[in-house]
Visitor: 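This structure is in structure tokens; I'll ask about it shortly.
Chain identifiers are assigned alphabetically (A, B, ...) following the order of the sequence lines, protein sequences preceding nucleic acid strands; residue numbering begins at 1 within each chain.
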Number of protein chains: 2
Amino acid sequence: MVNTVSCSHMFSGISEESYSKMMTCFHSVPKRFSAGETICFYEPKKRTVGIIEKGRAVVVKTFYSGSQTILEQLSDGSIFGEVFYFHANTDGISVIAASDCTVRFIDYGNIMTSCHNACEHHSQLIQNLFSIISCKAAELSEHIDVLSHRTIREKLMAYFQIQCSKNSSPKFKLPFSLSALADYISVDRSAMMREIKKLKEEGYIDIKQKEVTLLKEYIQ
Amino acid sequence: MVNTVSCSHMFSGISEESYSKMMTCFHSVPKRFSAGETICFYEPKKRTVGIIEKGRAVVVKTFYSGSQTILEQLSDGSIFGEVFYFHANTDGISVIAASDCTVRFIDYGNIMTSCHNACEHHSQLIQNLFSIISCKAAELSEHIDVLSHRTIREKLMAYFQIQCSKNSSPKFKLPFSLSALADYISVDRSAMMREIKKLKEEGYIDIKQKEVTLLKEYIQ
DNA sequence: TATAATTTGTTGCTTATGCAACAGAATTAT
DNA sequence: ATAATTCTGTTGCATAAGCAACAAATTATA
């Protein structure tokens, strides 16, 4: 399942100048990684926040079987770390450079504790961190709302309705493939396709490419 | 569904003295409510943190039909507010006094912005808030782990295994009724009962009263 | 451009699961 | 102590949904 990360703005409202000052204050030095290199592994108690200053990377889960799933896609300005990953077990989770990249590591404690130096926008940084975590929690909550429905039909409609209401329109663009959608709502793909077909036939929805339109209100 | 709140320690590590100082600094005055009174309604953009200083209260969702569900149970030291409720819609959510109680309201902004006065433990407070929110997010994430399984059997076993691993024991005590469990894993109760019966017969689990024991490892 | 890999669309078969409906146990309220 | 409510346990029935397997369409990669 690819987690759409729409809520990373750790340094919004913070000037370039303040940013550099902070990095000095946090004793954070940029590190370079080549494409394919492992940037880090997630560990249970580690509380390091990573920032992709330049380049692309992925957070992947590697299973015992050897198969992998991309949990998150990271690019310029993205942050990562066990602090933003709320699962108890961090087994097999690592961050891999997808291109050459420059990465910063900051100790979580340094962010939380107010510094004695002149970090003028430190409290802004903390507020940003809060909104990032709240936003992630809201995404989880939304996911639960969808998964809590009993049938494939209900799950689909719940998902569609949430997307439309976010978009304040009866239309929205699927952010991932239908296969990934089946994955997200945790149902068999073929069964989901069958249900989508029925929903189309009954005039509830219309799907053209990745464009979904809600035609009728669905009352459960 | 009753949400087990195990992660409220907003003022842990903060002395009585610091607490009073903070409250003055935050311009927060204690308010009294009689049993049955409505303490507040949740509103979309409101960012007020509430603290139950003394007494008991409940966060309830009232549906259009008039039926209600208790979302959370609050007691001495519990905190509440839209900041800790990650759903987009706050319709019909209110906090009701279950006994006579004393409640504080603090503006979320005041907590986030560092104060000029002598709030020595302000950064401790922020750290506590972070751990509360992270803990709630972890609970959501755990819930998703359970709901992501396809069959009732898998959902049950996932839930049981999580509880046991938390308890670091093959046994644990169900924190709610079987009906509530069916609610939590989002399946029909009678179908769940049928599956529990089978799991018992096949020697996977044993349930006596609210005591669940995992007998065999379940591989999905 | 050719080739591989992934995604989409479809179907038959089987069974797990939802639903309704009931009765007894256990809890809570009066 | 009695009544009322909630919880637990069970069953028959219909069907939704999982699984496997395939081909065509689309997208990615060499």
Visitor: Report, as yes or no, whether the 6.0 Å neighbourhood of atom CZ on Arg56(A) holds more than 12 heavy atoms from other residues, nucleotides or ligands.
Guide: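 Incorrect, the count does not exceed 12.
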Visitor: Is there any protein nitrogen or oxygen under 3.5 Å from a nitrogen or oxygen in nucleotides 15-21 of chain C, and what are the pairs?
Guide:
{"residue": "dT17(C)", "atom": "OP1", "partner": "Ile152(B)", "partner atom": "N", "Å": "2.6"}
{"residue": "dT17(C)", "atom": "OP2", "partner": "Glu195(B)", "partner atom": "OE1", "Å": "3.3"}
{"residue": "dG18(C)", "atom": "OP2", "partner": "Asp188(B)", "partner atom": "N", "Å": "3.1"}
{"residue": "dG18(C)", "atom": "N7", "partner": "Arg194(B)", "partner atom": "NH2", "Å": "3.2"}
{"residue": "dG18(C)", "atom": "O6", "partner": "Arg194(B)", "partner atom": "NH1", "Å": "3.3"}
{"residue": "dG18(C)", "atom": "O6", "partner": "Arg194(B)", "partner atom": "NH2", "Å": "3.0"}
{"residue": "dC19(C)", "atom": "OP2", "partner": "Arg150(A)", "partner atom": "NH1", "Å": "3.4"}
{"residue": "dC19(C)", "atom": "N4", "partner": "Ser190(B)", "partner atom": "OG", "Å": "3.3"}
{"residue": "dA20(C)", "atom": "N6", "partner": "Ser190(B)", "partner atom": "OG", "Å": "3.3"}

Visitor: Give every residue pair that meets the salt bridge (Lys or Arg N to Asp or Glu O under 4.0 Å) criterion with at least one member in residues 201-210 of chain A, sequence neighbours excluded.
Guide: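 Salt bridge (Lys or Arg N to Asp or Glu O under 4.0 Å) check on residues 201-210 of chain A returns Arg153(A)-Glu202(A), Asp206(A)-Lys208(A).
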Visitor: Do Thr90(B) and His87(B) come within less than 4.5 Å of each other through their side chains, counting heavy atoms only?
Guide: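 SC-SC contact between Thr90(B) and His87(B) ruled out.
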Visitor: Looking at dT8(C), I'd like to know if its phosphate oxygens (OP1 or OP2) sit under 4.0 Å from a side-chain N or O belonging to Ser179(A).
Guide: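 Checking Ser179(A) against dT8(C): at least one side-chain N or O falls below 4.0 Å of OP1 or OP2.
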Visitor: Do Asn167(A) and Gln163(A) have a side chain donor and acceptor closer than 3.5 Å?
Guide: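 No, because no side-chain N or O of Asn167(A) sits under 3.5 Å from a partner of the opposite role on Gln163(A).
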Visitor: Would you work out how much the helix from dT1(C)-dA30(D) to dT30(C)-dA1(D) bends between its ends, with each end axis defined by five base pairs, to 10 degrees?
Guide: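 About 70° separates the two local helix axes.
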Visitor: Taking salt bridge (charged side-chain N to carboxylate O under 4.0 Å, His left out) as the definition, give me every residue that meets it alongside Asp76(A), ordered by chain and number, with sequence neighbours left out.
Guide: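 In terms of salt bridge (charged side-chain N to carboxylate O under 4.0 Å, His left out), with neighbours along the sequence ignored, Asp76(A) is linked to Lys54(A).
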Visitor: What do the steps show when you test Lys136(B) against Glu72(B) for salt bridge (charged side-chain N to carboxylate O under 4.0 Å, His left out), and what is the final call?
Guide: CA-CA 12 Å; Lys136(B) 292 228 177 195; Glu72(B) 236 174 290; 3.3 Å; yes
Visitor: Output the rounded distance in Å from CD1 (Ile185(A)) to C1' (dA16(D)).
Guide: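 After rounding, the reported distance stands at 13 Å.
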Visitor: Rounding to a whole Å, what distance do you find between Met193(A):CE and dA20(D):C1'?
Guide: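 Taking CE of Met193(A) and C1' of dA20(D), I get 16 Å after rounding.
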Visitor: For nucleotides 23-30 of chain D, tabulate all protein N/O to nucleotide N/O atom pairs closer than 3.5 Å, reporting atom names and distance.
Guide:
none

Visitor: Nearest whole angstrom, please: distance from the P of dT6(C) to the CG of Asp183(A).
Guide: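 Rounded to the whole Å, the gap is 14 Å.
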Visitor: Under 3.5 Å, which donor-acceptor pairs link side chains of residues 44-51 of chain A to any protein atom two or more places apart or in another chain?
Guide:
{"residue": "Lys46(A)", "atom": "NZ", "partner": "Phe41(A)", "partner atom": "O", "Å": "3.0"}

Visitor: Any chance you could lay out the side-chain contact (heavy atoms from CB on, under 4.5 Å) test for Leu147(A) and Ile144(B), step after step, and finish with the verdict?
Guide: CA-CA 8 Å; Leu147(A) 293 177; Ile144(B) 291 178; 4.0 Å; yes
Visitor: Which whole-number value in Å describes the distance from Lys210(B) NZ to dT6(D) C1'?
Guide: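 Whole-Å distance recorded here is 11 Å.
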Visitor: Is any side-chain heavy atom of Lys216(B) closer than 4.5 Å to a side-chain heavy atom of Tyr218(B)?
Guide: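 Result no, sub-4.5 Å side-chain heavy-atom pair not found.
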Visitor: For the residue pair Thr38(B) and Ser94(B), what are the closest heavy atoms and their distance?
Guide: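 Thr38(B) and Ser94(B) have their closest heavy atoms at CG2-CB, 4.4 Å.
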Visitor: Whole-Å distance between dT8(D) C1' and Leu181(B) CG?
Guide: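 Checked: the CG to C1' distance equals 13 Å.
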Visitor: Let me know the distance between CD1 of Ile196(B) and P of dC7(D), rounded to the nearest Å.
Guide: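 So the two atoms are 15 Å apart, to the nearest Å.
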Visitor: Could you check whether atom CZ of Arg150(A) has more than 12 heavy atoms from other residues, nucleotides or ligands sitting under 6.0 Å from it?
Guide: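 Above 12, so yes.
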